[in-house]
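In this chain, residues are counted from 1 in sequence order. Quick caveat, the model's predicted, so the values are computed rather than measured.
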Amino acid sequence: MEYPRIIQNADITLKKIDPSFDNARKLFDIVSSERDFLREFLSWVDDVKRPEDMYIHMYKVSKTDNASYYIIYDGQIVGNIGIDISSKKNKIAEIAYWLSRKYNGHGIMTRAVKILEQFAFENMDVNRIEIVMDVDNVKSESVAKRAGYMCEGVRRQSYMFRNELRDVFTYSKLKSEWEKENKNA
């Protein structure tokens, strides 16, 4: 499937950004200034020590067939959100995201999740979207709850993070639930 370069909705834009040194510098500045906050749950942050590392990360992501978007809010890159098919046979996709600390608390990520889920349910052959997060990632869990996802439980020691097996929550939303939510929209 070919994913659109831009998905626009009110004050938030989800945009595929070409890897460039200028874009890598902007993202590196976010990561560098918020390194301790972001690295708590994102392992790739440790690999980004200079703008060139961010460029390499951006380039690799741009070469994969996925719906990975930078979140643009108030004219600034503030985070990233993406959706991947985790099981084509079972019609399951997974949303993953991160947001700059200084933009937390404004509902930006919840709205971004809703934008991407709408795109997925309308354009991708999926019946179920999952959001999986470390059990200690309270902010990510709050986003899933506010976006109307249902907690299905804990998958014990199912995610390797910095050489430690971690427990994760699995939240999900079915297409039928999304259709019901949006029936009167």
Side-chain angles (χ1 to χ4, degrees), residues 3 14 27-28 30-49 53-54 56-71 78-105 107-117 119-121 124-178 181:
Y3 299 101
L14 306 184
L27 286 167
F28 176 77
I30 293 170
V31 171
S32 184
S33 67
E34 300 183 10
R35 187 169 300 278
D36 290 339
F37 171 73
L38 293 172
R39 81 176 297 276
E40 186 174 0
F41 299 109
L42 301 171
S43 59
W44 60 265
V45 171
D46 289 344
D47 298 329
V48 177
K49 296 177 177 59
D53 299 329
M54 182 54 73
I56 291 167
H57 178 75
M58 291 178 73
Y59 181 79
K60 286 178 184 175
V61 169
S62 76
K63 295 303 175 192
T64 61
D65 183 28
N66 65 24
S68 179
Y69 293 92
Y70 291 95
I71 301 166
V78 299
N80 181 265
I81 188 168
I83 188 165
D84 270 329
I85 301 290
S86 56
S87 174
K88 194 171 193 169
K89 175 184 172 188
N90 296 310
K91 299 184 176 197
I92 301 171
E94 183 177 337
I95 290 179
Y97 45 78
W98 65 266
L99 185 67
S100 166
R101 181 180 210 154
K102 80 179 179 183
Y103 290 94
N104 278 216
I108 295 167
M109 189 54 75
T110 302
R111 292 194 312 274
V113 166
K114 302 291 277 175
I115 293 165
L116 200 53
E117 81 180 21
F119 170 79
F121 284 134
M124 299 168 70
D125 188 23
V126 297
N127 182 59
R128 170 187 171 90
I129 297 175
E130 297 177 345
I131 301 175
V132 178
M133 77 283 302
D134 189 292
V135 295
D136 292 332
N137 193 338
V138 176
K139 290 185 181 296
S140 188
E141 183 181 17
S142 295
V143 167
K145 287 178 178 178
R146 283 191 307 273
Y149 285 67
M150 178 184 293
C151 182
E152 295 183 338
V154 175
R155 293 190 331 221
R156 299 175 306 142
Q157 296 184 0
S158 64
Y159 177 69
M160 183 64 74
F161 185 71
R162 295 198 180 91
N163 298 316
E164 176 188 356
L165 284 168
R166 304 279 303 160
D167 295 347
V168 296
F169 285 123
T170 299
Y171 278 76
S172 70
K173 183 180 283 188
L174 303 177
K175 187 172 186 177
S176 59
E177 295 165 337
W178 176 81
E181 284 177 6

Next on the checklist: Quick check: do Asp84 and Glu94 have side-chain heavy atoms less than 4.5 Å from each other?
Outcome noted: no
Next on the checklist: Given 3.5 Å as the limit, does a donor-acceptor pair link the side chain of Lys173 with the main chain of Ala147, or not?
Outcome noted: yes
Item to check | Glu141 and Tyr171, any side-chain heavy atoms less than 4.5 Å apart | outcome: yes
Next on the checklist: If you compare all heavy atoms of Phe37 against all heavy atoms of Asn104, which two are closest, and at what distance to 0.1 Å?
Outcome noted: CZ-OD1, 3.7 Å
Item to check | Side-chain heavy atoms of Val168 within contact of Met133, under 4.5 Å | outcome: no
Checklist entry - About how many Å separate CD of Glu130 and CD1 of Ile83, when rounded to the nearest 0.5 Å? => result 10.5 Å
Checklist entry - Are Arg166 and Asp136 side-chain neighbours, meaning at least one heavy-atom pair lies under 4.5 Å? => result yes
Next on the checklist: I'd like to know if Arg101 and Glu40 make a salt bridge, using a cut-off of under 4.0 Å between side-chain N and carboxylate O.
Outcome noted: no
Next on the checklist: Between Lys91 and Lys88 (side chain of the first, backbone of the second, donor and acceptor by atom type, cut-off under 3.5 Å), is there such a pair?
Outcome noted: no
Next on the checklist: Within the 3.5 Å criterion, strictly below it, is a donor on Ser172 or Glu152 matched to an acceptor on the partner's side chain?
Outcome noted: yes
Item to check | Euclidean distance, Ser140 OG relative to Met109 CE, rounded to 0.5 Å | outcome: 8.5 Å
Next on the checklist: Atom CZ of residue position Phe161 - does it have more than 12 heavy atoms of other residues, nucleotides or ligands inside 6.0 Å?
Outcome noted: yes
Item to check | Distance-only side-chain donor-acceptor flag, Tyr3 / Ser68, under 3.5 Å | outcome: no
Checklist entry - To the nearest 0.5 Å, what is the distance between CD1 (Ile85) and CD1 (Ile92)? => result 9.5 Å
Next on the checklist: Given 3.5 Å as the limit, does a donor-acceptor pair link the side chain of Arg35 with the main chain of Val48, or not?
Outcome noted: yes
Next on the checklist: Side chains of Trp98 and Trp44, heavy atoms from C-beta outward: is any pair under 4.5 Å?
Outcome noted: yes
Next on the checklist: Is any side-chain heavy atom of Tyr97 closer than 4.5 Å to one of Ile131?
Outcome noted: yes
Checklist entry - Should Asp46 and Arg39 be marked as a side chain to side chain contact (heavy atoms under 4.5 Å, CB included) after you check the CA-CA gap, both sets of side-chain angles, and the distance that decides it? => result CA-CA 7 Å; Asp46 289 344; Arg39 81 176 297 276; 2.8 Å; yes
Next on the checklist: Looking at Arg156, I want to see if its CZ is surrounded by more than 12 non-hydrogen atoms of other residues, nucleotides or ligands under 6.0 Å.
Outcome noted: no
Checklist entry - In terms of side-chain geometry, is the basic nitrogen of Lys114 or Glu181 positioned less than 4.0 Å from the acidic oxygen of its partner? => result yes
Next on the checklist: Less than 4.5 Å apart, side chain to side chain, heavy atoms only: is that true for Tyr70 and Leu27?
Outcome noted: yes
Checklist entry - Quick one: CD1 on Ile71 to CD1 on Ile108, what's the gap to the nearest 0.5 Å? => result 8.0 Å
Next on the checklist: Using a 3.5 Å distance criterion without hydrogens, assess whether the side chain of Asn80 forms a donor-acceptor pair with backbone atoms of Tyr69.
Outcome noted: yes
Item to check | Met150 vs Glu177, side chain to side chain contact (heavy atoms under 4.5 Å, CB included): CA-CA, chis, key distance, verdict | outcome: CA-CA 10 Å; Met150 178 184 293; Glu177 295 165 337; 4.3 Å; yes
Item to check | Gap between atom OH of Tyr159 and atom CD of Glu164 - 0.5 Å precision | outcome: 11.5 Å
Checklist entry - If you round to the nearest 0.5 Å, how far is CG of Leu38 from OG of Ser33? => result 8.0 Å
Checklist entry - Do Glu117 and Ile115 come close enough that some side-chain heavy atom pair is under 4.5 Å? => result no
Next on the checklist: Run Asp167 and Asp134 through side chain to side chain contact (heavy atoms under 4.5 Å, CB included) and show every step you take.
Outcome noted: CA-CA 6 Å; Asp167 295 347; Asp134 189 292; over 6 Å; no
Next on the checklist: Assess the residue pair Ile129 and Tyr149 against the criterion (side chain to side chain contact (heavy atoms under 4.5 Å, CB included)); give the C-alpha distance rounded to whole Å, side-chain angles, the decisive distance to 0.1 Å, and a yes or no.
Outcome noted: CA-CA 9 Å; Ile129 297 175; Tyr149 285 67; 3.7 Å; yes
Checklist entry - Within the distance-only criterion (no hydrogens, no angle test), does the side chain of Ser158 pair as donor or acceptor with the backbone N or O of Arg155 below 3.5 angstrom? => result yes
